[in-house]
Enquirer: 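Dropping a structure here in structure tokens format, bear with me for questions.
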2 protein chains.
Amino acid sequence: MWERRYGFPDPMRDAHGERLYPPAQVDKLRLMRRLVDHGQRPARIVHASAEALARMLEEHPGVSDAELASAADIAPMLKLVRLHRSADLSAALRQALLKQGLQRFVVETVAPLAQAVGEAWMRGEIEVADEHLFSEQVQNLLRGAIGAHDSVGRPRVLLTTLPEEQHVLGLLMAEAMLVPEGAACVSLGARTPMTDIPAAALAGDFDVVGLSFSTAYPVRQAIDALLELRAMLPPRIALWAGGAAVRGKHKRLPGVQIVDRLDDVLAALRNWRDTSSPEA
Amino acid sequence: MWERRYGFPDPMRDAHGERLYPPAQVDKLRLMRRLVDHGQRPARIVHASAEALARMLEEHPGVSDAELASAADIAPMLKLVRLHRSADLSAALRQALLKQGLQRFVVETVAPLAQAVGEAWMRGEIEVADEHLFSEQVQNLLRGAIGAHDSVGRPRVLLTTLPEEQHVLGLLMAEAMLVPEGAACVSLGARTPMTDIPAAALAGDFDVVGLSFSTAYPVRQAIDALLELRAMLPPRIALWAGGAAVRGKHKRLPGVQIVDRLDDVLAALRNWRDTSSPEA
DNA sequence: CATTGCGCTTTGTCCAGGACATAAAGGCGA
DNA sequence: TCGCCTTTATGTCCTGGACAAAGCGCAATG
């Protein structure tokens, strides 16, 4: 479609008329994708040179001042990710966990570091492999810490993502916030089909269903899916949603508890206990 | 394409000519997909009724006798998966791990149970959510157990999957086999781009790169990718590959160590140490 | 008797131009 | 300054044709 409309990309053709993309065009497309993911529109950037696009990425609005401030604490760890120092990164994370405790570790270390890693990837400063490495190390640590808690309390929370969303860190962070408060969390991991979610929620006697949506998730699709899910779930089961795609969408999502920041998970939990305990 | 060629599916159309698939056709397509994944060809099954397809699934060749035998031991756990008893399943797995130790747990419990769960899903006896739940519980346990070991020995092994392969259990099982033997494993999780793998292997001073391919992975694609990767890696870095898609393909993959069964991971490890220790 | 090679059949993907639903942006009035 | 509405931008779907590639069976060979 871009080819027809903007004249770019303009691939070569093989002997049978199929498109062959020169590396230079692929590189430019990768740069464009990052900018589009950040809100730029294709028509605005399609005619810029690769160098100009790279410059736009570096000048990108970036993290807010508040986040930059906390970034000072996590800078050393970000450097370890950049240098592929997996063993050192693992040790640094473990130390932070021991020092801060699970909940503070999530709020003060994992969340800002994940954001910083994502930003760095957006700017092309680190590679996919580094991002994967970071994600794995955090998963190892969080899963271990979560596993150390019992899960027998209330509410019983079912955590997962929709099929298009494959990022799991959001779920794990939520679980790590909830478990120390005595909630019983069960995570289905990523990519659970829509129709399976209400079935699983009913079968497992859950009080809350929690979904996570990362930046890349289409806002409209997230809202439609949440409203549909709300209609499929009985009223006694609460629906919580968190992540960039639903931030600030309270108004458009009646009956859905929006979790804008990690702290809000705890607020939602208190709220649930206040409104539900009388009947228990 | 099937619509043009076989006359099925035959969707309704909305006011603007776009296809609308009645639930019955979607159900039949789901049954067909399972059969196709098991090697049936579309033309053979497209004209059968939904009932006939369901019968074909149940009569499907299924597990071998040897696997059935060991399945007797895991039957109780499979039942817990079916009944969505997440807490009991978690406890049963934990107990098996303590009793058997990490390596035996992987070989005797996790692997056959994963296979049984996959088979049950294929037959429609359990839902996607159950499979996810099982996978999550196993991940929690294995990651915790792996994290308890140091990773400072040799060989240094980099584990991951290619972009089309999202199953992570194979990697975790391999890691769980290797770590108790004193190998230093780093997993990048699933879906690492081809070009990032050699870069990460060189940057991290690795001796071995290990890839996992599940049943659904196209055999041809796996072989091409492995040969390409072999050419991109320096000779001193070994390339190991495991999973259903590469089983028995030794001949077509010179220079690649094929891991047919979990035990072969240990054989490959011994082999590497025998051939590499003299120079160390 | 197992195995390799070859040709036929089956199956999936690509091509092109047209149409239109839907999201974002900009203008206008309250 | 906010919210609504029009206009523009953007992505997805449609159709029918063509062809590459994967799978299957048969024949020939060690």
Side-chain angles (χ1 to χ4, degrees), chain A residues 1-21 25-26 29 32-48 61 163-164 213 215-228 244-253, chain B residues 1-21 25-26 28-29 32-48 61 163-164 213 215-228 244-254:
Chain A
M1 198 64 230
W2 287 8
E3 204 179 313
R4 273 199 257 168
R5 212 167 262 162
Y6 311 120
F8 179 90
D10 179 22
M12 300 156 42
R13 300 293 176 134
D14 68 6
H16 302 284
E18 295 194 15
R19 293 175 173 79
L20 277 177
Y21 293 87
Q25 292 191 30
V26 175
L29 284 168
M32 286 186 67
R33 176 177 157 180
R34 290 184 198 164
L35 285 164
V36 168
D37 281 349
H38 261 20
Q40 291 282 354
R41 322 236 8 209
R44 286 253 167 228
I45 57 176
V46 71
H47 289 118
E164 296 79 20
F213 299 87
T215 329
Y217 206 96
V219 174
R220 171 60 173 267
Q221 208 173 320
I223 290 175
D224 286 353
L226 281 168
L227 291 176
E228 194 181 337
V246 295
R247 192 154 293 155
K249 297 291 181 294
H250 308 72
K251 271 188 276 188
R252 294 170 67 182
L253 289 167
Chain B
M1 198 63 228
W2 287 8
E3 205 178 312
R4 274 198 255 168
R5 209 167 265 161
Y6 311 121
F8 179 88
D10 181 19
M12 299 156 43
R13 300 292 176 134
D14 70 6
H16 301 286
E18 296 195 13
R19 293 174 174 79
L20 278 178
Y21 292 87
Q25 292 190 29
V26 176
K28 181 169 167 184
L29 284 168
M32 286 186 66
R33 178 182 152 173
R34 291 184 197 165
L35 285 163
V36 168
D37 281 349
H38 260 20
Q40 291 281 351
R41 318 231 16 204
R44 286 256 167 224
I45 57 176
V46 72
H47 289 118
E164 297 79 18
F213 300 86
T215 329
Y217 205 96
V219 174
R220 170 59 172 268
Q221 209 174 319
I223 289 175
D224 287 352
L226 281 168
L227 290 176
E228 194 180 336
V246 295
R247 193 155 292 154
K249 297 291 182 293
H250 308 72
K251 269 187 278 187
R252 294 170 68 183
L253 289 167

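Residue numbering restarts at 1 for every chain, and letters A, B, ... go by the order of the sequence lines.
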Enquirer: With a 4.0 angstrom cut-off to heavy atoms of chain A, pull out the first and last contacting nucleotide of DNA chain D, in 5'-to-3' order.
Expert: dA9(D) to dA20(D)
Enquirer: Just how far is it from atom CZ of R19(A) to atom CG of D10(A), taken to the nearest 0.5 Å?
Expert: 10.0 Å
Enquirer: Could you measure the distance from the CG atom of L29(A) to the CH2 atom of W2(A)? Nearest 0.5 Å is fine.
Expert: 6.5 Å
Enquirer: Residues of residues 9-18 of chain B with any non-hydrogen atom less than 4.0 angstrom from an atom of DNA chain D: list those, numerically ordered, please.
Expert: R13(B), G17(B), E18(B)
Enquirer: Can you pull the salt bridge (Lys or Arg N to Asp or Glu O under 4.0 Å) pairs that have at least one residue in residues 34-44 of chain B, sequence neighbours excluded?
Expert: R33(B)-D37(B)
Enquirer: Rounded to whole angstroms, how far apart are CG on D37(A) and P on dA24(C)?
Expert: 13 Å
Enquirer: Once you round to the nearest 0.5 Å, how far does CE of M32(B) lie from CZ of F8(B)?
Expert: 6.5 Å
Enquirer: In dot-bracket form, 5' to 3', how is DNA chain C paired? Count Watson-Crick and G-U wobble pairs only if both distances fall under 3.5 Å, and write | where the partner sits on another strand.
Expert: ||||||||||||||||||||||||||||||
Enquirer: Starting at the 5' end of DNA chain C, which residue's closest nucleotide do you reach first, R5(B) or E3(A)?
Expert: R5(B)
Enquirer: Any chance you could measure L226(A), atom CG, to L253(A), atom CG, to the nearest 0.5 Å?
Expert: 5.5 Å
Enquirer: With heavy-atom distances below 4.5 Å as the criterion, would you say the side chains of M12(A) and Y21(A) are in contact?
Expert: no
Enquirer: Got P9(A) and V26(A) here, is their nearest side-chain heavy-atom distance under 4.5 Å?
Expert: no
Enquirer: Quick one: is Y6(B) getting a side-chain N or O under 4.0 Å of the dT11(C) phosphate, OP1 or OP2?
Expert: yes
Enquirer: Check every strand shown and say whether R19(B) touches a base, only sugar-phosphate, or nothing at a heavy-atom separation below 4.0 Å.
Expert: sugar-phosphate
Enquirer: Atom CZ of R41(A) and atom P of dA23(C): how far apart are they, to the nearest Å?
Expert: 12 Å
Enquirer: Does I45(A) form a side-chain contact (heavy atoms from CB on, under 4.5 Å) with V36(A)? I'd like the steps, not just the answer.
Expert: CA-CA 9 Å; I45(A) 57 176; V36(A) 168; 4.1 Å; yes
Enquirer: Without decimals, in angstroms, what is the distance between M1(A) CE and dA21(C) C1'?
Expert: 13 Å
Enquirer: Can you name the closest pair of heavy atoms from V246(B) and A222(B) and give their distance?
Expert: CG1-CB, 4.3 Å
Enquirer: For A43(A), what residues pass the side-chain contact (heavy atoms from CB on, under 4.5 Å) criterion, not counting sequence neighbours?
Expert: Y6(A)
Enquirer: Name all residues meeting the side-chain hydrogen bond (donor to acceptor under 3.5 Å, both in side chains) criterion together with R13(B); count only those two or more places apart in sequence or in a different chain, and write none if there are none.
Expert: E3(B)
